[in-house]
Amino acid sequence: MADGKYVTLAEVREMMTAEHMKRGGDLLPSQKAAMAHAEAICPISLEQAQELTQKLVDLLADYDLENESVPVKIVDMLPKYPADVRAIFSKEKVNLDAELTDRILETVAEYL
């Protein structure tokens with residue numbers, strides 16, 4: 001979390017890139033690893049990640065999520081299959097029906 005909120009890998013990538021530039025390439029090994037991981041794993045831009053996160057927040061607004069990180073996890077994983085969505089929701093107390101799963105997959109598919 002940055003500033004008390006969950007951030008996507010796209011946001012991590014942008015923050016680490018900015019820090020890399022600010023320090024003239026002088027990052028701690030852990031920072032370099034975080035930046036490399038975000039660059040390798042995250043195929044969408046910061047703007048796309050923010051847009052998708054907001055769409056998912058809106059989509060899930062009617063569900064009583066105990067963990068506000070769920071939309072961020074979905075953006076980071078970009079699930080393609082219902083089993084992937086179920087894994088993200090495995091610890092949530094949400095009735096994850098086929099309709100909601102399909103709506104999440106359709107929303108994510110717009111960014112793949």
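Keep in mind it's a predicted model, so treat the numbers as computed, not measured.
Smallest separation of non-hydrogen atoms from Ser45 and Arg13: CA-NH2, 3.6 Å. Taking both residues in full, the closest heavy atoms of Ala10 and Ala49 are given as CB-CB, 3.6 Å, listed atom of the first, atom of the second, then distance. Across Leu27 and Lys32, no two heavy atoms sit closer than the pair O-CE, 3.3 Å.
In summary, Glu92 and Lys73 do not engage in a salt bridge, as defined by a charged side-chain N under 4.0 Å from a carboxylate O.
Clustering ILVMFWY residues whenever any of their side-chain heavy atoms sit less than 4.5 angstrom apart, transitively, puts Tyr111 in the very cluster that holds Leu56. With hydrophobic clusters built from ILVMFWY side chains whose heavy atoms lie under 4.5 angstrom apart, Met35 does not share a cluster with Leu28.
Using a 4.5 Å heavy-atom threshold, the side chains of Thr8 and Cys42 count as separate. Considering only heavy atoms from C-beta on, Met77 stays 4.5 Å or farther from Val85 through its side chain. Using a 4.5 Å heavy-atom threshold, the side chains of Leu100 and Tyr63 count as touching.
For the atom pair NE2 (His20) and CE (Met15), the distance works out to 16.0 Å, reported to the nearest 0.5 Å. Glu11 contributes atom CD, which lies 9.5 Å from atom CG of Leu9 (distance to the nearest 0.5 angstrom). Distance check: Leu105 CG to Asp84 CG gives 8.0 Å after rounding to the nearest 0.5 Å. In this structure, Leu78 CG and Gln48 CD are separated by 9.5 Å, a value rounded to the nearest 0.5 Å. Rounding to the nearest 0.5 angstrom, the gap separating the OG1 atom in Thr107 from the CG atom in Leu59 is 5.0 Å. A distance of 5.0 Å separates CD in Glu39 from OG1 in Thr17, rounded to the nearest 0.5 Å.
Remark: Glu99 engages no residue in a salt bridge (charged side-chain N to carboxylate O under 4.0 Å, His left out) (not counting sequence neighbours).
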Should Ile74 and Leu52 be marked as a side chain to side chain contact (heavy atoms under 4.5 Å, CB included) after you check the CA-CA gap, both sets of side-chain angles, and the distance that decides it? CA-CA 9 Å; Ile74 294 170; Leu52 178 55; 5.7 Å; no
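Each of Val57, Asp58, Asp76, Ile88 was compared with Pro71 under the side-chain contact (heavy atoms from CB on, under 4.5 Å) criterion, and only Val57 meets it.
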